[in-house]
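All values below were derived from every heavy atom in this structure, side-chain atoms included, with hydrogens, water molecules and symmetry-related copies excluded.
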Amino acid sequence: MEKALGALPVVASFCRRLDLQGIVDRACPVREVATLTHGQVIAALVANRLTSPTPLWRVEDWARAWAVEETLGISPDALNDDRIGRALDAIAPKLEQLVGSVGARAIAAFGLEVARLHWDMTSISLYGAYEEPEEGFIAPRFGHPKDRRPDLKQVQTGLAVTSDGGVPVFHRAYDGGAGEVAQVAGAMRALGKLAGERRFLLVGDSKLVSYANLRDIMAAKVDFIAPASKTYVPAEVLAALDVQAAAPVDYVAERDQGKPLAQRGSYRVLEDTMTLAGKRKRDPVLHLRRVFVWSSARADAAATARAKKLDRARDDLERLTRGLGSRHYPDAAAVQARLSAIARSRRVAALLRAEVGTDQAGKPTLAWWFDQAALAAEQATDGWYALLTNLDPAQADAAQVLARYKGQEVVERRYGAFKGPLAVAPMFLQSNRRIQALVTVICLALLVFCLVERQVRRAIAPAVRLHGLYAGQPAKPTGRLIFQSLGHLRLIPASGHDPPIIPQPPPLQARLLQLLDVDPTQPPLTIRRPMDTNGFNAPRPLMCEEPG
């Protein structure tokens with residue numbers, strides 16, 4: 001009976017290059033009589049997330065169906081729920097040390113460039129009450145979940161990924177109710193340790209911008225780029241800008257690559273300076289560069305969205321007008337209530353003007369219109385947003401600031417993988433200690449996922465597409481497509497004196513293994529076997545079936 005092999009040899013190879021097992025075992029040693037080390041269990045869980053990301057339950061069944069024993073040297077029976085729980089409990093107090101060590105190892109072993117790092121946070125919803133969380137670990141709480149499940153408690157995760165391949169070299173878990181703005185300084189200090197002597201650029205979203213964050217960032221001699229919210233750059237400032245006075249930028253968005261020139265989005269930039277003061281008199285005043293960016297695609301999207309919301313509001317208002325005096329709107333109070341509901345649900349409160357009254361017969365009346373001055377003021381901001389930075393103008397002009405910020409979408413794509421191929425759906429674990437440890441396991445799996453994608457792309461460069469990845473057509477190698485393609489590999493288990501055999505991989509899978517420098521017949525760990533006549537473990541090497 002065949003076993004699924006899939007990407008297990010690739011995962012094992014990359015975990016070995018990261019020294020994942022060794023880092024965990026040095027931080028969390030076990031007794032010599034233990035069947036498995038904590039490092040082996042964590043490596044197996046990383047492999048599980050990357051090959052079969054189903055709910056973390058009965059992992060031993062997955063290990064029996066997959067070639068875990070042949071590639072990782074782990075007996076499936078050893079991966080019972082109790083053993084996995086003990087491994088998660090063991091690593092939970094050491095997560096900061098493990099994350100830093102694995103991140104540093106990834107930078108050194110894979111030559112990652114960390115001069116620019118992109119930071120963002122997301123939420124993970126949880127099933128369960130968690131009324132008495134264990135002290136010292138993240139606390140599940142109600143918050144503002146990204147999946148719009150306010151009925152569930154959540155925890156949060158922050159990721160810092162490199163601009164070089166979008167590799168997550170650092171992550172940290174936070175309480176479910178923690179404000180994103182307040183978490184930046186601590187993460188920035190950890191990233192500074194990871195970058196070492198190198199001065200790095202931290203790129204984030206608008207949550208990065210607060211006086212305390214920017215003060216700490218600049219005091220640590222870290223460069224940053226982040227968009228400013230309306231709190232710091234009001235709409236009136238954007239509305240006063242002149243598109244024609246802005247300088248065109250030679251930048252093409254990735255989504256526009258290959259489109260005719262006339263269909264591509266265009267960008268323009270203006271620059272000035274601004275100051276940011278603290279609440280206390282002794283707080284130093286921060287002097288920042290402010291780069292105004294105008295995007296034609298963003299302007300078109302804003303105009304389209306506004307037209308749709310106005311049309312929907314107009315339909316609702318006309319329906320209300322036709323129903324005046326009916327049992328639904330018998331008086332002015334009912335009309336006013338419905339009017340407020342329309343303004344709120346259609347998001348036109350700033351534009352809608354209305355007069356509600358009563359005629360001589362006691363029937364409610366309504367006159368409504370959209371304020372053209374308010375509409376023009378809103379239209380004037382279309383396409384504009386502001387970036388704040390402390391980069392030296394000699395190091396990056398306004399156009400270069402925009403280009404460096406545009407890499408921020410890479411961290412958002414990684415969260416797509418985090419909740420997609422790795423299947424981080426609402427989860428249930430009884431202990432917040434184990435939740436925090438499992439978040440790290442998933443982030444380590446994401447690290448391997450991204451390193452695999454990066455290596456394949458670098459190996460085929462300057463080409464950007466690989467034949468056969470998607471429905472027989474050339475496609476850009478993504479982690480999802482690579483792992484899906486490798487998922488077809490199988491293994492014939494050992495029988496009698498015959499060793500395990502891997503049927504000859506198809507051309508695409510063989511090509512991917514070659515690009516990843518992985519020989520599936522050479523697992524990094526020796527399979528545990530009964531003692532031979534000399535008292536030594538007798539290994540059973542894998543073999544690859546010859547073609548034809």
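Ring-plane geometry between W119 and F170 is classed as tilted, the angle between the planes lying from 30 to 60 degrees on a 0 to 90 degree scale.
Other residues, nucleotides and ligands contribute more than 12 heavy atoms inside 6.0 Å of the NZ atom of K259. Other residues, nucleotides and ligands place more than 12 heavy atoms under 6.0 Å from the CG atom of D392. Within a 6.0 Å radius of OH in Y251, more than 12 heavy atoms belonging to other residues, nucleotides or ligands are found. Enclosure of atom CD in Q257 by more than 12 non-hydrogen atoms of other residues, nucleotides or ligands within 6.0 angstrom is indicated. By the neighbour-count criterion of 12 heavy atoms within 6.0 Å, atom NZ of K309 is densely surrounded, having more than that number from other residues, nucleotides or ligands.
Judged by distance alone, the side chains of T440 and H171 do bring a donor and an acceptor atom under 3.5 Å apart.
With respect to the salt-bridge test (charged N to carboxylate O, under 4.0 angstrom), the residues E96 and R172 qualify. Taking 4.0 Å as the cut-off between side-chain N and carboxylate O, E378 and R347 do not count as a salt-bridged pair. Ion pairing of R314 with D311 is present here, as a side-chain N (NZ or NE/NH1/NH2) and a carboxylate O approach within less than 4.0 Å.
Within the 3.5 Å criterion, the main-chain N or O of G166 finds no donor-acceptor partner in the side chain of R454. The main-chain N or O of R116 is never found under 3.5 Å from a side-chain atom of D223 such that the two would form a donor-acceptor pair. Within the 3.5 Å criterion, the main-chain N or O of V167 finds a donor-acceptor partner in the side chain of T162. Without hydrogens or angle criteria, D89 side chain to R433 main chain gives no donor-acceptor distance under 3.5 Å. A donor-acceptor contact shorter than 3.5 Å is absent between the side chain of W294 and the backbone of P248. Judged by distance alone, the side chain of S52 and the main-chain N or O of N48 form no donor-acceptor pair under 3.5 Å. No donor-acceptor pair under 3.5 Å is formed between the side chain of S266 and the backbone N or O of S296. At distances below 3.5 Å, not a single donor-acceptor pair connects side-chain atoms of R215 with backbone N or O atoms of P284. With hydrogens and angles disregarded, a donor-acceptor distance shorter than 3.5 Å links the side chain of D256 to the backbone of G265.
In plain terms, the two heavy atoms of L270 and D242 that are nearest each other are CD1-O, 4.1 Å. Closest heavy-atom contact between V439 and A173: CG1-CB, 4.3 Å. The two residues A475 and L469 come nearest to each other via the heavy atoms O-CD1, 4.0 Å. Closest approach of I138 to Q436, counting heavy atoms only: N-OE1, 2.9 Å. Between N213 and K207, the shortest heavy-atom distance links the atoms ND2-O, 3.7 Å. Between D175 and A139, the shortest heavy-atom contact is OD1-N, 2.7 Å.
Contact check for L159 versus L446: side-chain heavy atoms found under the 4.5 Å cut-off. When side chains are defined from C-beta on, S206 does not count as touching Y232, because their heavy atoms never get closer than 4.5 Å. At least one side-chain heavy atom of L391 sits under 4.5 Å from a side-chain heavy atom of R404. The shortest side-chain heavy-atom distance between I442 and L438 falls under the 4.5 Å cut-off. Contact of the L98 side chain with the I42 side chain is not registered, since no non-hydrogen atoms from C-beta on lie closer than 4.5 Å. The shortest distance between side-chain heavy atoms of D82 and R86 falls below 4.5 Å. In this structure the side chain of Y385 never reaches within 4.5 angstrom of the side chain of L238, judged on heavy atoms. Using a 4.5 Å cut-off on side-chain heavy atoms (C-beta onward), V452 and L50 make no contact.
Note that CZ of R312 is 6.5 Å distant from CZ of R346, once rounded to the nearest 0.5 Å. In this structure, the separation between CG on L214 and CG on L208 is 6.0 Å, given to the nearest 0.5 Å. Between the CG atom in L288 and the CZ atom in F224 there is a gap of 5.0 Å [rounded to 0.5 Å]. Put simply, CD1 on I225 and NE2 on H118 are 8.0 Å apart, with the number rounded to the nearest 0.5 Å. To the nearest 0.5 angstrom, R465 atom CZ is 6.5 Å from K476 atom NZ. In this structure, L112 CG and L451 CG are separated by 6.0 Å, a value rounded to the nearest 0.5 Å.
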Practice task
Begin with the C-alpha distance, continue with both residues' side-chain angles, and end with the deciding distance and a verdict on side chain to side chain contact (heavy atoms under 4.5 Å, CB included) for N432 and F137.
Solution key: CA-CA 7 Å; N432 63 311; F137 301 97; 3.6 Å; yes
Problem - Working for side chain to side chain contact (heavy atoms under 4.5 Å, CB included), residues D397 and V269 - result: CA-CA 10 Å; D397 61 20; V269 292; over 6 Å; no
Exercise for the section: Test H287 against T273 for side chain to side chain contact (heavy atoms under 4.5 Å, CB included), laying out the working first. Expected result: CA-CA 7 Å; H287 297 272; T273 60; over 6 Å; no
Problem - Derivation and outcome, side chain to side chain contact (heavy atoms under 4.5 Å, CB included), residues R319 and D316 - result: CA-CA 5 Å; R319 192 177 299 113; D316 290 346; 3.1 Å; yes
